[in-house]
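The structure appears right after this line, and notes come after that.
Whatever order the structure lists them in is the order used to number ligands and atoms, beginning at 1.
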Amino acid sequence: MTYATKTFELPVLEGLSEKQIKVHLGLYEGYVKHVNLIMEKIASLKAADAEGNAYLVAELRRRFGFEFDGMHMHEFYFEQFEQGSMPLKAEGSLAKAAEEKYGEQGLIAHVKEVAGSRGIGWVVVYADPDAKTLHTVFVNDHELGQLAGLPIILALDVWEHAFMVDYVPAEKKNYVDAFFANLNWSVVEKRFDATI
Ligand SMILES: [Fe+2]
């Protein structure tokens with residue numbers, strides 16, 4: 001099987017230009033391409049000489065998580081802008097879970113704080129259905145630090161490629177503000193509600 005590039009119905013975004021989004025979608029397509037390429041390469045190297053190519057195959061397997069999570073994280077990301085900005089429902093189940101976990105500070109302020117971490121990667125909010133709580137972590141690259149098995153409900157790309165068409169590195173905060181200005185919280189709520 002091969003993975004196909006998904007398309008996203010994106011509205012005009014506030015603070016994120018069409019060019020920025022186009023460049024970013026192009027990078028996403030690259031991840032899909034490389035996921036398929038790694039699977040093909042592993043199969044062909046094994047078929048040609050499984051023993052002789054064992055090191056090559058092992059290194060490609062190590063690389064797979066980077067490409068696969070690069071693909072999937074961008075799908076989580078772009079989906080969040082579809083249908084345009086929608087607020088978080090104050091009385092909804094996600095707002096309640098967020099208040100329990102992040103209290104006074106609130107989920108958005110907490111995500112912004114984590115987004116200030118140095119380095120490239122993602123701020124990821126997960127639901128933990130067993131513990132009935134949320135976790136927010138900084139994932140390096142696309143795959144380092146992901147919480148195994150927990151459903152992702154929010155993904156904020158903080159690689160510089162996500163904003164450098166529109167902002168300089170020192171303006172990462174402005175990009176994060178733009179992300180929240182365009183975020184369709186109903187997508188995030190739907191993901192959360194599917195876990196409870
Ligand atoms: Fe990205």
Discussion item. Within the structure provided, determine whether His142 and His72 are in side-chain contact (heavy-atom separation under 4.5 Å).
Written reply: no
Discussion item. Could you check whether any side-chain heavy atom of Leu154 comes within less than 4.5 Å of a side-chain heavy atom of Val124, counting everything from C-beta outward?
Written reply: no
Worksheet, complete the sentence: Near the Fe ion (ligand 1), meaning under 2.8 Å, the protein N/O/S atoms are His24 NE2, His74 NE2, Asp157 OD2, His161 NE2
Worksheet item: Angle class for the Tyr77/Phe81 ring planes (parallel below 30°, perpendicular above 60°, tilted otherwise)?
Response: perpendicular
Fill in: Plane angle bin for Phe78 and His24 - parallel if under 30°, tilted between 30 and 60°, otherwise perpendicular
perpendicular
Worksheet item: For the residue pair Phe8 and Tyr28, is the inter-centroid distance of their aromatic rings smaller than 6.0 Å?
Response: yes
Discussion item. Please tell me whether Thr136 and Tyr126 have a donor and an acceptor in their side chains that are separated by less than 3.5 angstrom.
Written reply: no
